[in-house]
Amino acid sequence: MSTLSEAYADSPLHLQHIIPMDFESVQTVPDSHSWPQITDFPPAVRSDEELTIPIIDLTAPHVVELVGDACRTWGMFQVTGHGVPSILLEDVESEARRLFELPARQKIKALRSPGGATGYGAARIAPFFSKNMWHEGFTIMGSSVDHARELWPHDYKRFCDAMDDYQKKMKVLSYKLWLLILKSLDITEEQVNWSSSDGALQLNSYPCCPDPNRAIGLAPHTDTLLLTILHQSNSNGLQIFRDGVGWVSVSPLSGALVVNAGDLLHIVSNGRFSTAYHRVMANQACHRVSIAYFYGPPAESLMVPVCETQFPLYRSLTVKEYISIKAKHLEKALLLIRI
Ligand SMILES: C=C1C[C@]23C[C@H]1CC[C@H]2[C@@]12CCC[C@@](C)(C(=O)O1)[C@H]2[C@@H]3C(=O)O
Ligand SMILES: O=C(O)CCC(=O)C(=O)O
Ligand SMILES: [Fe+2]
């Protein structure tokens, strides 16, 4: 049986695409991080409905329909009534900040290895762009002890406990959301041929940027797995691309979590749900930290598009195979598996 982390190990990266810049040491945006032109739509006048992603209270009566509508039109929504204690959200965020505030030479000790999936480093999508992002991350799959020990040899427990607790809560919430999603697609749990799940936690850091118009926090991308739950705290920056409208900001809502559909959900729903194309803008005033949990089936699971009324749009393939196609082709991956 191979795990999610082994699926990523099959696509090794170069160190130049793993080691983030020492953001503390720069006062201007270097050429390596200077992007040609970052357009910030929408230029036209739009209604509030076109510019605000849906906010869904998970305890509301028609939650299945609301989730279905949001996934069809946006591929993204914010949830309240999710049951994750705010103290835990504050705790993971402050542990993440404690990590990113360490000096660069310290963080490098927990660097992701070229064939590895976990640890400190630049975003995995880095090799697809000629410029670097104003971002550093820390990826956790299961236990974070090995890497946390490299950062804090004697004081790693606080960090690990917060991450373990958060991953457990995210797993429960993801499953709850997954059941709502299945219902809204009219798919039974038996129709998808996997039962357990796998997940990853990504701590993202976007240091204050001296010239946010020339830099980008996280380049436009879609997430790979089924769904992502994001705690974005209270700083701006996240945007989603909506066809016919442009880049729409996802305003932080205190206590809410952002949920978005990933490529695997788009495949399993046979294109009925959109995978969210999103990015993060750089920010001059504050150091943005976000925590993303990626939820997916075990790496060996077979993804089969399910839809009674349409022919399959995509060929069936395992999670592992999709990850390896995406590692080579990024955005073109979905097109390459179209029937
Ligand atoms: C389980 C996942 C999901 C990953 C890869 C792996 C661990 C890190 C995740 C991210 C986090 C940052 C954006 C992204 C696009 C990236 O570069 O690394 C994500 C990616 C994906 O959704 O593809
Ligand atoms: O930091 C954010 O708001 C978004 C992060 C993100 O897109 C990701 O981790 O995949
Ligand atoms: Fe993302």
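One-based numbering, in listed order, for ligands and for the atoms of each.
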Fill in: Closest D223 atom to the Fe ion (ligand 3) [N, O or S only]
OD1
Worksheet entry | Distance from atom 12 (C) of ligand 1 to nearest protein heavy atom, with residue and atom | Q202 NE2, 4.0 Å
Worksheet item: Any chance the side chains of T139 and Q202 put a donor and an acceptor closer than 3.5 Å?
Response: yes
Worksheet, complete the sentence: heavy-atom search around atom 1 (C) of ligand 1 in the protein gives A200 CB, 3.7 Å
Practice prompt. Decide, yes or no, whether a salt bridge links D211 with R214 under the criterion of side-chain N to carboxylate O below 4.0 Å.
Written response: yes
Discussion item. Between E136 and K107 (salt bridge meaning N to carboxylate O under 4.0 Å), is one present in this structure?
Written reply: yes
Fill in: Donor-acceptor side-chain pairing of S290 and H231 below 3.5 angstrom
no
Worksheet, complete the sentence: Nearest non-hydrogen contact to atom 6 (C) of ligand 2 from the set L201, V258, L218, D223 belongs to L218
Practice prompt. Determine, for E321 against R315, whether the closest basic-nitrogen to carboxylate-oxygen distance falls under 4.0 angstrom.
Written response: yes
Discussion item. Which residue and atom name correspond to the protein heavy atom nearest atom 13 (C) of ligand 1, and how close is it?
Written reply: H221 NE2, 3.8 Å
Worksheet entry | Nearest-neighbour protein heavy atom for atom 3 (O) of ligand 2, which is reported as residue plus atom name and distance | R288 NH2, 2.4 Å
Response to the item:
For F294, the ligand 2 atoms with a heavy-atom partner under 4.0 Å come out as 8 (C), 9 (O), 10 (O)
Worksheet item: Counting heavy atoms only, which part of A123 comes closer than 4.0 Å to ligand 1: side chain, backbone, both or neither?
Response: both
Worksheet item: What part of D223, side chain from CB on, backbone N/CA/C/O, both or neither, has a heavy atom under 4.0 Å from ligand 1?
Response: both
Worksheet item: Just which atoms of ligand 2 are under 4.0 Å from any heavy atom in H278?
Response: 7 (O)
Worksheet item: N/O to N/O below 3.5 Å, does that happen between R124 and ligand 1?
Response: yes
Discussion item. Does any N or O of ligand 2 fall below 3.5 Å from an N or O anywhere on Q232, backbone included?
Written reply: no
Item to complete: Just say parallel, tilted or perpendicular for the rings of F138 and F159, cut-offs at 30° and 60°.
Response: perpendicular
Item to complete: Could you state whether V29 and I216 fall into the same hydrophobic cluster, counting links through intermediate Ile, Leu, Val, Met, Phe, Trp or Tyr residues with side-chain heavy atoms under 4.5 angstrom apart?
Response: no
Item to complete: Would you mind running through ligand 1 and noting each atom that sits below 4.0 Å from a heavy atom of T139?
Response: 7 (C)
Worksheet item: atom 9 (O) of ligand 2: which protein heavy atom is closest, and how many Å away?
Response: N204 ND2, 3.0 Å
Discussion item. Are W247 and Y277, when compared by the centres of their aromatic rings, separated by less than 6.0 Å?
Written reply: yes
Practice prompt. Classify the angle between the aromatic ring planes of F100 and Y120 as parallel (below 30°), tilted (30 to 60°) or perpendicular (above 60°).
Written response: tilted
Discussion item. Using 0.5 Å steps for rounding, measure from the OH atom of Y293 to the OG1 atom of T228.
Written reply: 11.0 Å
Worksheet item: Which of the atoms of ligand 2 are close to A292, meaning less than 4.0 Å from one of its heavy atoms?
Response: 9 (O)
Fill in: For the Fe ion (ligand 3): the N/O/S atom of H221 at shortest distance
NE2
Fill in: Nearest candidate to atom 6 (C) of ligand 1, where distance is taken over non-hydrogen atoms, out of Y8, F138, Y293, F128
Y8
Worksheet item: Tell me: protein heavy atom nearest atom 19 (C) of ligand 1, and distance?
Response: F294 CZ, 4.0 Å
Worksheet item: Using the ring of each side chain (for Trp, its six-membered ring), is H135 parallel, tilted or perpendicular to Y206, with breaks at 30° and 60°?
Response: tilted
Fill in: Heavy atom of R279, distance to ligand 2 below 4.0 Å
no
Worksheet item: Are any of the side-chain nitrogens in K169 or D165 under 4.0 Å away from the carboxylate oxygens of its partner?
Response: yes
Practice prompt. Assign the ring pair W35 / F129 to parallel, tilted or perpendicular, where the plane angle (0 to 90°) is split at 30° and 60°.
Written response: tilted
Worksheet entry | Under 4.0 Å to a heavy atom of V280 - the qualifying atoms of ligand 2, by number | 1 (O), 2 (C), 3 (O), 4 (C)
Worksheet, complete the sentence: A student checking ligand 2 against Y206 at a 4.0 Å heavy-atom cut-off should list atoms 1 (O), 2 (C), 4 (C), 5 (C)
Worksheet item: When you measure from atom 23 (O) of ligand 1 to every protein heavy atom, which one gives the shortest distance, and what is it?
Response: T224 OG1, 2.4 Å
